[in-house]
Amino acid sequence: MRLLAPILLSCLALSCLAGDVSIRVKGPTGDVVSGVVVYLHGDDLPERLAAPRAITIHQQGKRFAPYLSVTQSGDEVVFTNRDDITHHIYSVAGPKRFSFKLRAGEERKVRPLSQAGVIPMGCNIHDWMSGYLLVVDTPYFGFTDSDGRVEFNDLAAGQYRALVWHPQLQEASDLALDFRVPETAALELHLSRPLAQLPVQKSVNDFDFLEEY
Amino acid sequence: MNIRQAVVIILPWLFYLAAAHGVEHKLGGLLDLRFSVSDTLPSYLGGDYGKFQYADGATLAPAQAALSYRGELTDAVSVHLVGLGYFGGVRDGAGLSEAYLQYRGLPSAQGWRWQARAGLLYPQVSMVNIQTAWTSPYTLDFDTINSWIGEEVRHQGIDIALTRLGNAHNSGHDFSAGMAVYRDNDPVGAMLSWHGWVLSSRQSLRHETLPLPQLEPGFVPAASDPFLELDNRLGYHLRGQWHWHNHGKLLLGYYDNQADPKVVERGQWAWTTRFAHLGVHWQLPGNIDLVAQYLAGDTLMQSSRSGTDLVNNGYHSGFVMLSKKVARHRLSARLEEFAVVDRDSIAADNNNEYGKAATLNYSYRLNRHWFLHSEYSWMESRRPARAAAGHSLNLTEQQWQLGVRFLF
């Protein structure tokens with residue numbers, strides 16, 4: 001009991017110090033940037049906030065949907081073909097390489113993603129299809145909303161680094177900002193250049209019975 | 001290696017792979033029921049001067065049936081066989097039109113991808129024959145360029161292409177360069193010289209011989225056998241393509257069969273046939289597709305004894321098509337101009353031709369598989385050889401077609 005009291009006390013103290021942080025991403029002209037990934041690195045982060053899960057990336061309308069996904073290392077990814085044609089999904093760069101054909105309506109699970117990094121994906125039948133999966137090694141990650149904002153709640157006191165990622169980011173170096181909890185409640189990250197144009201995942205020919213002539 | 005030898009070699013291997021590794025088989029196809037009303041001469045398909053594939057008057061026929069087989073041996077290697085049948089009333093028949101093995105590798109991390117095909121192939125020239133069994137989703141009849149490709153320009157060979165995919169570089173631009181080396185197409189040029197440009201959806205079958213107009217000079221055979229190897233020389237086709245995702249496609253190429261024009265066997269000549277081609281498909285504002293092709297070249301065959309030019313023709317053809325889809329409706333309009341210029345001094349064999357054509361197609365998609373097409377074609381041409389055979393020097397031909405297509 002004598003031992004437990006200080007532990008409980010320090011836990012209470014820590015949770016008192018824990019804080020919420022709101023991070024906003026803005027472009028070079030001050031306009032908000034939505035749909036980019038913000039994730040946190042820091043000392044002594046919890047390994048996970050929830051049990052490993054599977055995220056789903058659809059192949060729908062001959063597109064990767066969503067175009068950009070983010071997940072934590074240790075999670076799985078499920079590819080679901082909602083089209084009535086076969087896709088040949090591949091990733092030939094980054095930490096997780098795979099290649100498989102996915103018939104109409106089929107789904108396929110890719111084993112836990114052990115390593116953090118960017119997984120660019122394509123379809124070897126439909127060259128215009130393009131998708132990205134960012135695997136992060138932190139439980140704190142999210143997309144900026146329509147207001148350019150992402151919120152992280154109940155962060156333990158300590159030193160953190162916020163990082164921004166998107167395939168169309170045109171920064172010369174990694175975009176990151178250091179901050180401390182509980183001292184910081186809100187911060188802004190500014191892109192020095194606007195995001196490049198998102199690829200339009202669409203072919204010139206839009207017919208159902210195309211062959212590779 | 002001819003088709004028969006290839007089949008003998010490939011088929012047992014296929015069955016072995018199918019048994020051992022579970023080859024995935026895919027079958028596609030097309031049924032095309034057509035009602036056509038034509039104002040024309042008897043069809044070129046029967047060796048006459050009509051520039052359409054149907055006879056003068058009304059025709060109701062299951063015009064075309066196609067079966068397209070694809071066996072996926074691995075994720076990268078597949079075998080393709082296309083069989084076609086025509087039952088339009090003139091030169092009916094069924095047989096093989098394409099048979100090839102395809103390799104399509106995965107791209108490298110830098111976005112480079114190799115592809116290869118080997119077998120009985122079309123050269124990549126067409127911007128519109130992109131659908132099952134080399135048919136066009138836009139119109140029932142192909143334009144004059146691709147009617148010619150479908151009739152004569154096919155070969156047995158190996159086609160290798162290298163593509164640089166934009167995706168690996170955060171770019172929407174794909175570039176590819178390809179080269180084909182081939183044989184078994186020495187008589188290419190004979191049909192274009194002796195019956196001229198046509199508007200048709202008839203693809204020649206591998207086994208067919210193609211009847212020719214009966215002309216005065218003794219060197220014109222009764223029929224051309226288009227897929228022969230006569231001189232044991234290889235031909236080549238070079239091409240480059242730029243694809244800007246969601247914007248357009250540009251295709252450039254050069255074809256030379258390198259045939260020895262003096263070689264003749266049983267009335268079948270080797271024709272030195274060369275052409276350059278350009279194709280574009282661009283998406284215009286208002287969701288309008290612009291598709292255009294231009295092809296220009298020459299063809300030569302000579303007396304094996306004296307080396308005199310028996311046929312020396314230049315030729316060119318080009319079309320511009322605009323197509324717009326609104327929900328289930330699609331409207332396509334195509335204008336074209338074509339010519340053959342006879343450069344030899346054999347007056348009795350005048351291959352000169354000049355003409356224009358216009359095609360308007362409306363199609364309605366009933367559901368995923370069924371399509372209705374209504375197509376009107378008009379063609380005006382001047383051809384002295386036709387006059388020598390007792391027809392009009394200047395001729396206007398018209399055709400209206402109603403097509404019901406089932407694709408799967």
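Chain identifiers are assigned alphabetically (A, B, ...) following the order of the sequence lines, protein sequences preceding nucleic acid strands; residue numbering begins at 1 within each chain.
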Where does W244(B) contact chain A at under 4.5 Å (heavy atoms): side chain, backbone, both or neither?
backbone
Honestly, the part of S68(B) sitting under 4.5 Å from a heavy atom of chain A is side chain
Just by distance, do the side chain of Q283(B) and the backbone of V204(A) share a donor-acceptor pair under 3.5 Å?
yes
Part of H243(B) within contact of chain A (heavy atom distance under 4.5 Å)
side chain
So, the side chain of N170(B) versus the backbone of P167(A): is there a donor-acceptor pair under 3.5 Å, distance only?
yes
Where the side chain of N246(B) meets the backbone of Q201(A), is there a donor-acceptor pair that is under 3.5 Å apart?
no
Can you find a pair of side-chain heavy atoms, one from R104(B) and one from H88(A), that are under 4.5 Å apart?
no
Region of N129(B) in contact with chain A, defined by heavy-atom distances below 4.5 Å
backbone
Residue part contacting chain A, namely of A133(B), when any heavy atom lies under 4.5 Å
backbone
Pick from S126(B), A109(B), P107(B) with the largest number of heavy-atom pairs that fall under 4.5 Å of chain A:
P107(B)
By a 4.5 Å heavy-atom criterion (distance strictly below it), what part of S136(B) contacts chain A: side chain, backbone, both, or neither?
neither
If I measure from the heavy atoms of chain A, does V82(B) come under 4.5 Å with its side chain, its backbone, both, or neither?
side chain
Do L106(B) and N124(A) have side chains that get closer than 4.5 Å, going by heavy atoms?
yes
Could you tell me how the ring of Y213(A) sits relative to the ring of Y122(B): parallel (under 30°), tilted (30 to 60°) or perpendicular (over 60°)?
perpendicular
Please classify the contact between F209(A) and chain B as side chain, backbone, both or neither, with a heavy-atom cut-off of under 4.5 Å.
both
Report which part of Q110(B) has an atom under 4.5 Å of a heavy atom belonging to chain A: side chain, backbone, both, or neither.
neither
Please classify the contact of R368(B) with chain A as side chain, backbone, both or neither, using a heavy-atom distance under 4.5 Å.
both
Under 3.5 Å side-chain donor-acceptor pair for H281(B) and N205(A):
yes
Go through Q115(B) and E212(A) one step at a time and tell me if the side-chain hydrogen bond (donor to acceptor under 3.5 Å, both in side chains) criterion holds.
CA-CA 11 Å; Q115(B) 278 169 270; E212(A) 297 162 31; 4.9 Å; no
Side chain, backbone, both or neither: which part of L165(B) has a non-hydrogen atom closer than 4.5 Å to chain A?
side chain
